[in-house]
Amino acid sequence: MLPALKVVGANPDADLKLLGRIADWCDRYTPFVALEPPRGLLLDVTGAVHLFGSEQAMLKRILSDLGAQGFAVRGALAATPLAAMALARMRSGTVAAPGADGEAIAKLPIDALNLDPVTTHAFRRAGLKTIGQAASRDRRELTARFGARLVYLIDTAFARAESPISPRQPLPDYRVERAFAEPVATEETIRATLVGLAGSLGEVLESRGEGARRLEASFFRADGTLRRIAVETGTPVRDAQVVERLFREKLDALVDPLDPGFGFDLIRLSADRAERAEAQACDFDSDAHARREVRFLVDRLAARFGAERVLAFVPCDTHVPEAAWTALPAQRAGDFKSAWERVRGTGEPPRRPVRLFARPEPASLLRAVPGSHAFHMRWRGAQRVLTRAEGPERIAMEWWRHQDAVPARDYFRVEDETGRRLWLFRDTLTAQWCVHGAFA
Amino acid sequence: MQSETLARLRAKLAKPLGDKCARVTLGVADGALGGGLKRGALHEVFARRGHETAATGFAAALAWRAASAKTVLWIRQDYSALEFGEIAASGLLDLGIDPSRVLLLRVAKPEDALRAASDALSCAALGAVVVELAGTAKVLDLTASRRLTLACAENGVTALLLRFGAEPDASSAETRWVVKAQASPENEENWGQPVFEAELVRNRQGGTGRWVMEWSCDDGIFREAPGRAAETDRGAVVPAPCDRPAAAALAQNRRTAA
């Protein structure tokens, strides 16, 4: 019948993914974008309209921009999400006059609410053909017939009840952006733009006495792809040079590099976690200066290698050897201020090894000659003679933390014939020997 | 007049480390080193096979001495921690090193380690950078070591290259040490402080030698281990060439001495 008709299987997952990408792209109109699956997007344009002149102009622009990308798109602007969606379904391009949403949607057929077919059919059977007619019925009747949810729905459509939208992305505290008439693709331009944006963002932050702990750069590609790249810092920053340097480290280290394609037509920089940061007078305290320098280095290394790879040691209040300290990301470790407790007494040799194995490695011990002090130890497939041992130091595992009883360990410090010192323990339950670490 | 004074002051400030404190005293080895280990230079510490932990302790002690209460950045390869164990904060503390002044950077590849090291050496607020590499690294050639040397000299940060399971190769390092643990004396009850047998196989400033050093955990200094013999190959003061393997340089040194 229709030889030109092509049949393609439905793929809801791919549809949803595409919708997400369109939502990302729509980020350029307002940061407040929410998904309305299966095929809707909600944009809260409060406070963004003046950038486009008027509501009409904004709606027209959005529709034509999306249309130019080959999408069949319908849209409307109203005071409530439900009203806007009903209008978009039935009267695309409408901008409801302020305060007149009710009138605008009252004449729409009941199908515009996109209810399930049974409910729509029931309304029809009852002779309620438009939204206005349905809404004019007594609330008790509607609740009895269709349930409280439908009444709530109609209430939200007429702005009689709140209907909050949750944005897809958390809203940034501050953001600056730069749109280009012609897409830019060269690295220098991108870098210069980032410096400029960081400068203007820094001014805003400085005027409020704040700095950003997390910064995100969004690169909007001309073909609709969006790339977000974020850097985090240990202390609030607002210096443009610092921000640019961090982004340079991050961009250099990306596994899949930033691909400009046909160029970026919008670059945005947003500060997500703004925190109090007082302006600092140039001080002569070299210690404070050194600390700042080290923090900046940590931020740079974290931007390049990942925050979880730049670590600082933090003491923990436990005597279990492997838990007595932990290595936390250095950007966050500054808040911990517990004191280190040394196991070794003054004048004693080290009692804890400088290298510790992640998990104790089993070893076997044999007395060399019956009655002698020397032992043969087999570990990692090699045999060595232990010439001296110090111990035992019994360490009980913390029974109050574990569900099952963990046996105590008897630790020994041993030295082999070449002077290598190891830290062994014997499980008091299984009598299994394990190598746990090595001394210098 | 005023600007002249300012310029003089600036120059003075630019070189915060006078000649006196530009060297780290190492006790017994100071004579061969010309007063101590040079700060703001690249030094190599090689571990004898099986003595990786001793080399770790030696490098940690050197770094701590060189840093003089500034922060130490320890860059280590992931493989190294799997094979030889992770750097333990409690162990550093027992060696007399404040773990809160040590930052640890974990990297996957030697390239990353070198890249991070040259970045870190540009930060004058750091005291020392330790780069721990396991196995032979192709990227660590003469060019790479020259780059590190230059970065060290620029900001006065000391770099220590800690190598496990690798053969010494051409490099522009100031000194090169081969470290192994030293067995405790038979007759003594107490096994005492960590003792290293450190062999200085290459030295740009002077002779080479071999010493048995004891690290005093309480005082944070190296001492001559009581009752241990030390051999010093004095006499040769020819700087080791940086474009030939160290073995050749050593042989040349010996000939000069003879």
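All chains are named by letter (A, B, ...) in the order of the sequence lines, taking the proteins before the strands, and each is independently numbered beginning at 1.
Note on B/L104, B/I75, B/D219, B/V179: by heavy-atom pairs under 4.5 Å with chain A, the leading option is B/L104. Comparing B/L82, B/V102, B/L95 by how many heavy-atom pairs each has under 4.5 Å with chain A, the most go to B/V102. Here B/S100 is the residue among B/A124, B/A55, B/S100, B/A60 with the most heavy-atom pairs under 4.5 Å with chain A. Options A/R351, A/E415, A/E308 differ in how many heavy-atom pairs under 4.5 Å they form with chain B, and the most are formed by A/E415. Of the listed residues (B/A81, B/S216, B/A89, B/A120), the greatest number of heavy-atom pairs within a distance under 4.5 Å of chain A belongs to B/A89. Ranked by heavy-atom pairs shorter than 4.5 Å toward chain B, the options A/P353, A/A253, A/G437, A/P315 are led by A/P353. The choice from B/A108, B/A54, B/G192 that makes the most heavy-atom pairs within less than 4.5 Å of chain A is B/G192. Between chain A and the residues B/G50, B/G96, B/A88, the largest count of heavy-atom pairs under 4.5 Å involves B/A88.
Considering CG of A/L311 and CZ of B/R76, their distance stands at 8.0 Å, rounded to 0.5 Å. Once rounded to the nearest 0.5 Å, the distance linking CG of B/L105 with CG of A/L297 reads 9.0 Å. Atom CZ of B/R115 and atom CD of A/E249 lie 5.5 Å apart (nearest 0.5 Å). The CG atom of A/L422 sits 7.5 Å away from atom OG1 of B/T53, with the distance rounded to the nearest 0.5 Å.
With a threshold of 4.5 angstrom between heavy atoms, A/L356 approaches chain B through its backbone and through its side chain. For chain B, the nearby part of A/F305 is the side chain; its heavy atoms alone come within less than 4.5 Å. In this structure, chain A has a heavy atom under 4.5 Å from the side chain of B/F196, while its backbone stays farther away. At a 4.5 Å heavy-atom cutoff, A/A358 makes no contact with chain B through either its backbone or its side chain. Contact annotation for B/L73: only side-chain heavy atoms (C-beta onward) come within less than 4.5 Å of a heavy atom of chain A. Proximity to chain A (any heavy atom under 4.5 Å) is shown, for B/R101, by neither the backbone nor the side chain. When heavy atoms are compared at a cutoff of 4.5 Å, B/V107 approaches chain A by way of both its backbone and its side chain.
Contact record, A/R300 with B/S122: NH2-OG, 3.7 Å, taken as the closest heavy-atom pair. The two atoms that bring A/A290 and B/A125 nearest to each other are O-CB, 3.4 Å, heavy atoms only. Across all non-hydrogen atoms, the minimal contact from A/W325 to B/I87 is CH2-O, 3.5 Å. Residue A/R352 comes nearest to B/D94 through the heavy atom pair N-OD2, 2.8 Å, listed as atom of the first residue, atom of the second, then distance. Closest approach of A/G347 to B/D218, counting heavy atoms only: N-OD2, 2.6 Å. Nearest approach of B/G57 to A/A440, heavy atoms of both residues: CA-CB, 3.6 Å.
With salt bridges taken as basic N to acidic carboxylate O contacts below 4.0 Å, one links A/R355 and B/E132. A salt bridge links A/R309 to B/D78: at least one charged side-chain nitrogen sits closer than 4.0 Å to a carboxylate oxygen. Electrostatic pairing of B/D112 and A/R304 does not count as a salt bridge here, judged by no charged N lying under 4.0 Å from a carboxylate O. A salt bridge links B/E83 with A/R380; the closest basic N to acidic carboxylate O contact falls under 4.0 Å.
With contacts defined as side-chain heavy-atom distances shorter than 4.5 Å, the pair A/W340/B/P99 qualifies. Counting heavy atoms from C-beta on, the side chains of A/V294 and B/L103 come closer than 4.5 Å. Between B/S90 and A/R344, the closest side-chain pair of non-hydrogen atoms is not below 4.5 Å. The shortest distance between side-chain heavy atoms of B/Q182 and A/T418 does not fall below 4.5 Å. Contact of the A/P350 side chain with the B/C217 side chain is registered, since non-hydrogen atoms from C-beta on lie closer than 4.5 Å.
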**Full working for side chain to side chain contact (heavy atoms under 4.5 Å, CB included) between B/L126 and A/E293** = CA-CA 8 Å; B/L126 279 187; A/E293 287 275 296; over 6 Å; no
**Request:** Mind running salt bridge (charged side-chain N to carboxylate O under 4.0 Å, His left out) on A/R342 and B/D98 for me, showing each step along the way?
**Result:** CA-CA 10 Å; A/R342 208 174 61 178; B/D98 181 3; over 6 Å; no
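The neighbour count for A/D317 CG, taken as heavy atoms of other residues, nucleotides or ligands under 6.0 Å away, does not exceed 12. Residue A/E398 places its CD atom among more than 12 non-hydrogen atoms of other residues, nucleotides or ligands, all under 6.0 Å distant. For A/E341, the CD atom sits in a loose shell: 12 or fewer heavy atoms of surrounding residues, nucleotides or ligands are nearer than 6.0 Å.
The side-chain contact (heavy atoms from CB on, under 4.5 Å) with A/V354 is formed by just one residue from the set B/L92, B/L93, B/I97; it is B/L92.
Side-chain N or O atoms of B/Q193 include one that pairs as donor or acceptor with a backbone N or O of A/E348 at under 3.5 Å.
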